Amino acid sequence: MVSDPTEQTVSVVVPYSPKYTPEAMLEEAKATVAAQTVPTELLVVDDVDTGPADARNAGLDRAETRYVAFLDADDLWESDKLERQLARMRETGAGLCLAGEPMTLDDFVYEAFVGELDEVTSAILVDTDRVDTRFESTLRRGEDTLYVLEAASAAGVCLCPDLFTRRHHDQSMMASGMAVDEYLAQAKRFGYLVDRRVPEAHPYVGTYYVQLFTTVGQACQREGEYDRAVTYFLRALRISPHPATLVHLLRALVSRAFR
């Protein structure tokens, strides 16, 4: 048995669909895997029919190594990404490592659930001896955030800065957008699952729904649906009287009065 985790091969799961990512970008992403300073096993999984959550789960099932990392096909890793993460996991004893500055588990849960921590997938390195979490295939948004919240809750989390470069392009899933009603349904399910599965997130559930209803209200307002906008701003204010939401409500009421 290898005692030093930095000497172990890391399985790297890359979901890929030509619908969302040009093949040239995939090849560039694969090159950054090959350039890692630790041994890697590359698993490119077709997600045309199943979606990225199922593709990532398939990669987890296929991986024969203890440590598994995920890379979106349109992102690029720093060459020492895995080496630094493995060293950090050994130092802290955490079962999950992501990109960012060091923080407590409570701060991580806050930032991932209602804060500024997003675009986490290409940073994930997980110790599968300690984490048996799977990606939630019923979600079209937030499945990666739910995964890291569950994994962190189960086995702890550590962070390293400057691990990867995120690349946006016109074909990407991030650029495709989502209708307001579908966004709301998916976001509510995400909040429900986090509340059920991540005990550390319970103090922030109210904040999450304030943010959600305010965001949906703003989207309705941009579409000229002022009655719906007012409804969602009021829902947010019933949870917490946030000043920014109140400002949005007043603007929606004025717009509705003068339409």
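Just so you know, these numbers come straight off a predicted model, no measurement behind them.
Using a 4.5 Å heavy-atom threshold, the side chains of T245 and Y232 count as separate. For the pair T32/T165, no side-chain contact is recorded, criterion being any heavy-atom separation below 4.5 Å from C-beta on. In this structure, V109 and L149 have side chains that are in contact, with non-hydrogen atoms separated by less than 4.5 Å. The closest side-chain heavy-atom distance from R90 to L86 is not below 4.5 Å. By the 4.5 Å heavy-atom criterion applied to side chains, T40 and L42 are not counted as neighbours.
Residue Y204 forms a ring-ring contact (aromatic ring centres under 6.0 Å, His included) with just one option from F108, F113, Y110, and that option is Y110. The one candidate from I124, V120, T121, L139 that meets the side-chain contact (heavy atoms from CB on, under 4.5 Å) condition with Y147 is I124.
Legend: salt bridge (Lys or Arg N to Asp or Glu O under 4.0 Å) pairs involving residues 217-226, not counting sequence neighbours, sorted by first then second residue: E225-R228. Sequence neighbours left out, not one pair with a member in residues 99-116 passes salt bridge (Lys or Arg N to Asp or Glu O under 4.0 Å).
Judged by distance alone, with hydrogens and angles left aside, the side-chain atoms of Y16 form a donor-acceptor pair with the main-chain N or O of T21 at under 3.5 Å. Without hydrogens or angle criteria, W77 side chain to S122 main chain gives a donor-acceptor distance under 3.5 Å. Judged by distance alone, with hydrogens and angles left aside, the side-chain atoms of Q8 form no donor-acceptor pair with the main-chain N or O of Y67 at under 3.5 Å. The backbone N or O of G142 sits nowhere less than 3.5 Å from a side-chain atom of Q186 that would complete a donor-acceptor pair.
When hydrophobic clusters are built by joining Ile, Leu, Val, Met, Phe, Trp and Tyr residues whose side-chain heavy atoms come closer than 4.5 Å, directly or via intermediates, L237 is not grouped with V114. Following chains of ILVMFWY side-chain contacts shorter than 4.5 Å, one cannot reach F233 starting from V210, and the two form parts of different hydrophobic clusters. L76 is not connected to V38 by any chain of hydrophobic side-chain contacts under 4.5 Å among Ile, Leu, Val, Met, Phe, Trp and Tyr, and they are in different clusters. The hydrophobic cluster containing V148 also contains L105, counting ILVMFWY residues as joined when their side-chain heavy atoms lie under 4.5 angstrom apart, directly or transitively. Note on V45 and F70: same hydrophobic cluster, where clusters join Ile, Leu, Val, Met, Phe, Trp and Tyr whose side-chain heavy atoms are under 4.5 Å apart, directly or indirectly.
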Listed pairs under 3.5 Å, donor-acceptor, residues 53-60 side chains, sequence neighbours left out:
{"from": "R56", "atom 1": "NH1", "to": "E143", "atom 2": "OE2", "distance (Å)": "3.4"}
{"from": "R56", "atom 1": "NH2", "to": "D72", "atom 2": "OD1", "distance (Å)": "3.1"}
{"from": "N57", "atom 1": "OD1", "to": "F135", "atom 2": "N", "distance (Å)": "2.8"}
{"from": "N57", "atom 1": "ND2", "to": "A53", "atom 2": "O", "distance (Å)": "3.4"}
{"from": "N57", "atom 1": "ND2", "to": "F135", "atom 2": "O", "distance (Å)": "2.9"}

Show every donor-acceptor pair shorter than 3.5 Å between a side-chain atom in residues 150-164 and any protein atom, with sequence neighbours excluded, or say none if there are none.
{"from": "E150", "atom 1": "OE2", "to": "R197", "atom 2": "NH1", "distance (Å)": "3.2"}
{"from": "S153", "atom 1": "OG", "to": "E200", "atom 2": "OE1", "distance (Å)": "2.8"}
{"from": "S153", "atom 1": "OG", "to": "E200", "atom 2": "OE2", "distance (Å)": "3.4"}

Please output the side-chain donor-acceptor pairs of residues 246-259 that fall under 3.5 Å, not counting sequence neighbours, one pair per line with the distance.
{"from": "H248", "atom 1": "NE2", "to": "Q218", "atom 2": "NE2", "distance (Å)": "3.3"}
{"from": "S255", "atom 1": "OG", "to": "R251", "atom 2": "O", "distance (Å)": "3.0"}
{"from": "R256", "atom 1": "NH1", "to": "D227", "atom 2": "OD1", "distance (Å)": "3.0"}

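Residues Y208 and A187 approach most closely at OH-O, 2.6 Å, considering heavy atoms. Closest approach of A73 and A29 over heavy atoms only: O-CB, 3.5 Å. Residues D74 and R166 share a closest heavy-atom pair of OD1-NH1, 3.5 Å.
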(request) Could you walk me through whether Q221 and V230 pass the side chain to side chain contact (heavy atoms under 4.5 Å, CB included) test, one step at a time? (result) CA-CA 8 Å; Q221 188 171 3; V230 168; over 6 Å; no
(message) Using side chain to side chain contact (heavy atoms under 4.5 Å, CB included), reason through R134 and D61 one step at a time and then give a plain yes or no.
(response) CA-CA 10 Å; R134 288 295 186 266; D61 293 338; 3.1 Å; yes
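Separating the CZ atom in F213 from the NE2 atom in H242 is a distance of 15.5 Å, to the nearest 0.5 Å. Between the CG atom in L82 and the CD atom in Q36 there is a gap of 4.0 Å [rounded to 0.5 Å]. We find the CZ-CZ distance between R140 and R189 to be 14.5 Å, quoted to the nearest 0.5 Å. Of the inter-residue distances, the one linking T145 atom OG1 with L117 atom CG reads 7.5 Å to the nearest 0.5 angstrom. Here T128 contributes atom OG1 and E64 contributes atom CD; the two are 11.5 Å apart, rounded to the nearest 0.5 Å. Interatomic distance, NZ of K188 versus CG of L212, reported as 8.0 Å (0.5 Å rounding).
We find that K81 and E78 are not joined by a salt bridge, their nearest charged nitrogen and carboxylate oxygen being 4.0 Å or further apart.
Within 6.0 Å of the CD atom in E91, the count of heavy atoms belonging to other residues, nucleotides or ligands exceeds 12.
No side-chain donor from either of T65 and T9 sits under 3.5 Å from a side-chain acceptor of the other.
Residues meeting the side-chain hydrogen bond (donor to acceptor under 3.5 Å, both in side chains) test with D195, sequence neighbours left out: none.
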